[in-house]
Number of protein chains: 2
Amino acid sequence: MNNLTLKQMRYFEALARHGHFGRAADVCAISQPALSMQIKDLEGSLGTALFERGARSVRLTSFGMEFARRVRDILRGVDELADLARASQDRLVGRLRMGVIPTVAPYLLPSLIADLSRNYPDLDLHLRETMTQNLLNEIAEGRLDTAIVALPVSEPSLSEVALFSETFILVRPASDANKPVPNRETLRELRLLLLEEGHCFRDQALSFCNLPSTQPRELLDGSSLTTLVQMVSAGIGVTLIPQMAVPVETRSARVSLARFAAPEPERTIGMIWRKTSPFALQLGQIAEVVRQSAETLRAQSL
Amino acid sequence: MNNLTLKQMRYFEALARHGHFGRAADVCAISQPALSMQIKDLEGSLGTALFERGARSVRLTSFGMEFARRVRDILRGVDELADLARASQDRLVGRLRMGVIPTVAPYLLPSLIADLSRNYPDLDLHLRETMTQNLLNEIAEGRLDTAIVALPVSEPSLSEVALFSETFILVRPASDANKPVPNRETLRELRLLLLEEGHCFRDQALSFCNLPSTQPRELLDGSSLTTLVQMVSAGIGVTLIPQMAVPVETRSARVSLARFAAPEPERTIGMIWRKTSPFALQLGQIAEVVRQSAETLRAQSL
DNA sequence: TCAATGCGATAAGTTTTTCTGATGAATAAT
DNA sequence: ATTATTCATCAGAAAAACTTATCGCATTGA
């Protein structure tokens, strides 16, 4: 009766995710009939249907949904077992899947990758750049081991350590160079260009000006800091960028930079991971490497 | 790389539990070489030893310990999957493993079993009578689905519902019938007979007298309420028994009964189960049956 | 000291499970 | 009507897992 197998669960999970036997079979690197049979066996030994086979669609039954939720938990636990074994080998080797938010990645990664491969030559580093919410989901699902995001995250299931803090720098058209630096109130009168919805840096900037992040804005949103700075240099408005982005983003743009009067706006960048991660110890070491990498970067840019 | 199987985990768990290949193989209903091979494969694919094979002993390595902890979680999750499938069949059928504390079981079970089989004819009811602490462990390990114990239990991972409350009745030798009923202070002067260590009813009685449960007592302990009542009828001392036990225990014993003055001592009996149990819904219904069963029992004994 | 015993590993052969490739049946798109 | 797409089925092949028999090693008891 109770011969569920992990193989069946993996196949099931793939099918649930893709809703397509052929596609799922490819992902599992088996033939489509093999997957069909395993799913059938699985449903047979459960005594219930997991999928509703429409003519051109495969959808989970309501029971299948709950089943999928639990299966994912189990598979995550199993994958962590394998990781745990590797981690117990005292040295971190093998795959490390790290996510980084877009307003950090372009500036930190070049030197970070170099530093990590120097310190962990056997590390197979997988990187992914996306916004905080996606990173959190992927960490929870066990599809990432760790991520570099703006703190605080305040997820009780995650460990977080601070890496460094950086101030926000005001970017204005070159012609504004001699105008007085606005404060958080007068900044609101200017045409402030921001990243599009979902970027934490957008919310931080808005919160510095005491503006609600939900309020509809008629202002132009950019999809990257590079775009924003280009827009500023074209005289369209002003923007904020994090300190770390300054060297890269203002290298070729004709803009003027200014720091705010104290208290300057700033954000703290940190690293997070699942508390239950078997890498917990090693991730602490990794964090130290990241911290030094960022430190070196900052020293160079001064 | 990642072809751990549930079979290997089940075998591993059995071996970890028994520390003996032959014994574990028996439990798994396979031959000893089959188990040896699977364990070897498992260790091979993890790249680490799980067991330390001594000359006449098989012990977990420290890594094996952590591994075992996680494997048990996973296996519990998998077993719950199968349960979930059954539970989704809207009606509760199949095995239900229920534990009951010894100071409730003998009085409640006869009618409860009858009522349950009437309401759930397809239910395969497994019962186990032991003390609260054991019940809690076995529930946590997934070896029991539910238990009937004295509340509160206050385990955040468990759901608890109250079933009924019952007062404690004073049992004295027949010759004491006309003496005044003692209160919680004067009760301490008497020779109070109690159940042995570990019974929650013992602690409740002691707490009623404001006595610490750890304090060494020179009094005689009994292993069942029946024994205690027999001792009372022999004139050795006095004791307390829960209301529900009165009809059965005093049927053939020459003792006198008395209720305490208000506030009477009492306990609340309830049912508990893992919040994550796939039966959660059905267990609620079961609890209702138990409640009615106890209600009927009480009505009859008046 | 020397067999006897208990226990886990190994080996060879068999059974069971799982997979592939070919094909069928049903439905939707052209 | 025809073709394309997609999941199910079938037969044979490949892989995995199991069983029985046996080995080697260490401890035990005479």
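Sequence lines set the chain letters: A, B, ... in the order given, protein chains first and strands last, and positions in each chain run from 1.
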I need the [atom1]-[atom2] distance between [X] and [N], as an integer number of Å.
{"X": "B:R10", "N": "D:dA17", "atom1": "CZ", "atom2": "C1'", "result": "17 Å"}
{"X": "B:Q38", "N": "C:dT16", "atom1": "CD", "atom2": "C1'", "result": "13 Å"}
{"X": "A:R53", "N": "D:dT5", "atom1": "CZ", "atom2": "P", "result": "22 Å"}
{"X": "A:E43", "N": "D:dT9", "atom1": "CD", "atom2": "P", "result": "11 Å"}
{"X": "B:N3", "N": "C:dC19", "atom1": "CG", "atom2": "P", "result": "12 Å"}
{"X": "B:E52", "N": "D:dA26", "atom1": "CD", "atom2": "C1'", "result": "16 Å"}
{"X": "B:L35", "N": "D:dC18", "atom1": "CG", "atom2": "C1'", "result": "12 Å"}
{"X": "B:M37", "N": "C:dA12", "atom1": "CE", "atom2": "P", "result": "13 Å"}

Have a look at A:F51 and say if it touches a base, only the backbone sugar-phosphate, or nothing, with a 4.0 Å heavy-atom cut-off.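 The answer is nothing, as A:F51 stays clear of every strand by at least 4.0 Å.
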
Contact class for B:Q32 (heavy atom, under 4.0 Å): base, sugar-phosphate, or nothing? base

Look only at the side chain of B:R274 and the backbone of B:I139, and say whether a donor-acceptor pair between them is shorter than 3.5 Å.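 It does hold such a pair.
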
Looking only at side-chain N and O atoms, does B:Q282 offer a donor or acceptor that is under 3.5 Å from a partner on B:Y120? no

Counting neighbours of NZ on B:K275 that are heavy atoms of other residues, nucleotides or ligands and sit closer than 6.0 Å, is the number greater than 12? yes

Heavy atoms from C-beta onward define the side chain here; which of [options] lies closest to that of [X]?
{"X": "A:I30", "options": "D:dA8, C:dC19, C:dC7", "result": "C:dC19"}
{"X": "B:T5", "options": "D:dT19, C:dG21, D:dA17", "result": "D:dA17"}
{"X": "A:V58", "options": "C:dC19, D:dC7, C:dG8", "result": "D:dC7"}
{"X": "A:S31", "options": "C:dT20, C:dC19, C:dA9", "result": "C:dT20"}
{"X": "A:H20", "options": "C:dA11, C:dG21, D:dT6", "result": "D:dT6"}

OP1 or OP2 of D:dT9 less than 4.0 angstrom from a side-chain nitrogen or oxygen of A:K40, does that happen here?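 Yes, A:K40 has a side-chain N/O under 4.0 Å of OP1/OP2 on D:dT9.
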
Ion pair present between B:D79 and B:R76, side-chain N to carboxylate O less than 4.0 angstrom? no

Between A:R118 and A:D115, is there a salt bridge with N-O shorter than 4.0 Å? yes

Between A:S36 and A:K7, which has a closest nucleotide on DNA chain D that is more 5'?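 Between the two, 5'-proximity favours A:S36.
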
Five pairs per end, C1' atoms only: what is the angle between the end axes of the helix from C:dT1-D:dA30 to C:dT30-D:dA1, to 10 degrees?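 That helix has its two terminal axes inclined by roughly 20°.
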
Pair A:M131, A:R202 - check side chain to side chain contact (heavy atoms under 4.5 Å, CB included), show working. CA-CA 11 Å; A:M131 295 184 292; A:R202 170 199 175 92; over 6 Å; no

Distance check, rounded to the nearest 0.5 Å: A:H199 atom NE2 versus A:T132 atom OG1? 9.5 Å

